[in-house]
Amino acid sequence: MHSEIEEYLATFDRYLAPMPDGERSDTYRYYEELFLDSGMTIDEIYKEFSSPKNLARQINANYAMGWMENDEDTEESRPRNRRNQKEQKNPWNAAWLILLGVLASPILIPVALVLIFAFVAVIITVIGIIFALAGLLIGAAIAGGFMISAGFGVMSQGLMMALILIGAGIAALGLVVISIPVVIWIVYGIGWIGYRIIKWIAGMTLKRRPELNRKGA
């Protein structure tokens, strides 16, 4: 019987990979002690906690939602807490973890399901636009390079034409350099908006794991 529980825990631990090592280790130990010390059977574990993949996804989502709290604030825990806060700043990653947790949640209202599909459709469209912009920027950079090269190539034939080509090439490359941080900012902003939307949906559907809000874990 323990071998089945250990197999459940091993699968559970693999799906906890998105969490920072410290939180992942604490969470694994908590459920290991809970399952083994309580004398629960594997059927009871599945009935209470679902499959190891779904349980891990719900916990990852709880972490991304900021629902996992550790009240122990020692000198040893502070560096890990700062690292956790830094890793949660990636809105795309957090939104993805929450989305997987919502889909793994035992409660999923139809409205939330529609919102999720709409959100995914918007994200796919945005990704397509981003790839199109990236293609335009790459094309502009290549064209700029060719114009500069052509400008130097015709330098002996006509100085004015050479300067026009070189200037146009430099302008194209400058536009690319300026556009890159703007595109990154747009991508980050879309991710943040998506994170807020998914977090709102998760508030309606995602099961909060109260056993994770523990002291001294």
Side-chain angles (χ1 to χ4, degrees), residues 4-32 34-35 42 44-70 80-81 83-131 186-214 217:
E4 293 179 329
I5 296 177
E6 289 172 357
E7 182 179 351
Y8 181 104
L9 287 167
T11 304
F12 171 66
D13 184 52
R14 287 199 302 272
Y15 281 99
L16 288 177
M19 294 178 64
D21 291 340
E23 290 289 348
R24 176 181 177 181
S25 177
D26 288 348
T27 302
Y28 176 83
R29 285 200 304 268
Y30 175 82
Y31 280 96
E32 181 182 39
L34 177 64
F35 293 160
I42 190 66
E44 290 172 336
I45 291 173
Y46 269 93
K47 183 178 180 180
E48 176 69 22
F49 297 97
S50 185
S51 68
K53 178 170 72 173
N54 283 352
L55 176 60
R57 285 180 171 176
Q58 291 178 49
I59 292 172
N60 289 333
N62 273 236
Y63 174 76
M65 290 282 288
W67 286 348
M68 289 178 59
E69 301 168 359
N70 191 331
R80 189 179 71 192
N81 292 339
R83 185 176 69 248
N84 293 350
Q85 292 172 1
K86 182 177 180 181
E87 294 194 13
Q88 288 190 56
K89 289 182 180 179
N90 185 338
W92 284 97
N93 184 57
W96 178 246
L97 292 178
I98 294 171
L99 178 60
L100 290 177
V102 169
L103 294 175
S105 176
I107 304 172
L108 188 61
I109 61 176
V111 174
L113 189 61
V114 171
L115 290 172
I116 288 171
F117 280 118
F119 172 73
V120 171
V122 170
I123 291 301
I124 291 174
T125 302
V126 169
I127 290 174
I129 294 172
I130 290 171
F131 273 105
I186 292 173
V187 171
Y188 184 87
I190 292 171
W192 181 250
I193 293 172
Y195 165 71
R196 302 302 298 182
I197 293 172
I198 289 295
K199 191 173 181 180
W200 173 67
I201 296 172
M204 298 188 295
T205 60
L206 183 62
K207 181 178 180 181
R208 188 165 183 162
R209 308 302 312 190
E211 69 271 15
L212 293 172
N213 295 332
R214 58 201 185 274

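The analysis underlying the following values was restricted to heavy atoms, covering all of them including side chains, and did not include hydrogens, waters or symmetry mates.
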*Rounded to the nearest 0.5 Å, what's the gap from CG on N62 to CD1 on I98? Could you check?*
9.5 Å
*By side-chain contact (heavy atoms from CB on, under 4.5 Å) - contacts of E7 (at least two apart)*: none
_Please give me the minimum heavy-atom distance between A17 and R24, naming the atom from each residue._
CA-NH1, 3.6 Å
*Looking at residues at least two apart in the chain, or sitting in another chain, which of them share a side-chain contact (heavy atoms from CB on, under 4.5 Å) with I193?*
I197
_Nearest atoms (heavy-atom pairs only) where R57 meets A104_ = CB-CB, 4.0 Å
*In Å and rounded to the nearest 0.5 Å, what is the CG to CD1 distance from L99 to I198?*
4.5 Å
*asked:* Less than 4.5 Å apart, side chain to side chain, heavy atoms only: is that true for Y31 and L55?
replied: yes
*Give a yes or no answer on whether the side chain of T125 reaches the backbone of A121 with a donor-acceptor pair at less than 3.5 Å.*
yes
*Set of side-chain contact (heavy atoms from CB on, under 4.5 Å) partners for T11, sequence neighbours left out*: R14, Y15, P52
*Hey, what do you get for CZ (F131) to CD1 (I129), rounding to the nearest 0.5 Å?*
12.5 Å
*Just jot down the ring pair (Phe, Tyr, Trp, His ring centres under 6.0 Å) partners of Y28, sequence neighbours excluded, or say none.*
none
_Keeping D13 on the side-chain end and L9 on the backbone end, is there a donor-acceptor pair under 3.5 Å?_
no
*Roughly how far, to the nearest 0.5 Å, is the NZ atom of K199 from the CZ atom of R196?*
5.0 Å
*Test item: D26 and Y30 side chains (from C-beta on) under 4.5 Å apart, heavy atoms*: no
*Give the minimum heavy-atom separation between A94 and A64, together with the two atoms involved.*
O-CB, 3.8 Å
*Could you give the distance from CG (L34) to CZ (F49), rounded to the nearest 0.5 Å?*
5.0 Å
*Do M19 and I59 have side chains that get closer than 4.5 Å, going by heavy atoms?*
yes
*Could you give me the CA-CA distance, side-chain angles and deciding distance for F35 and Y8, then say whether side-chain contact (heavy atoms from CB on, under 4.5 Å) is met?*
CA-CA 10 Å; F35 293 160; Y8 181 104; 3.6 Å; yes
*Student check: side-chain heavy atoms of I45 and I5 closer than 4.5 Å*: yes
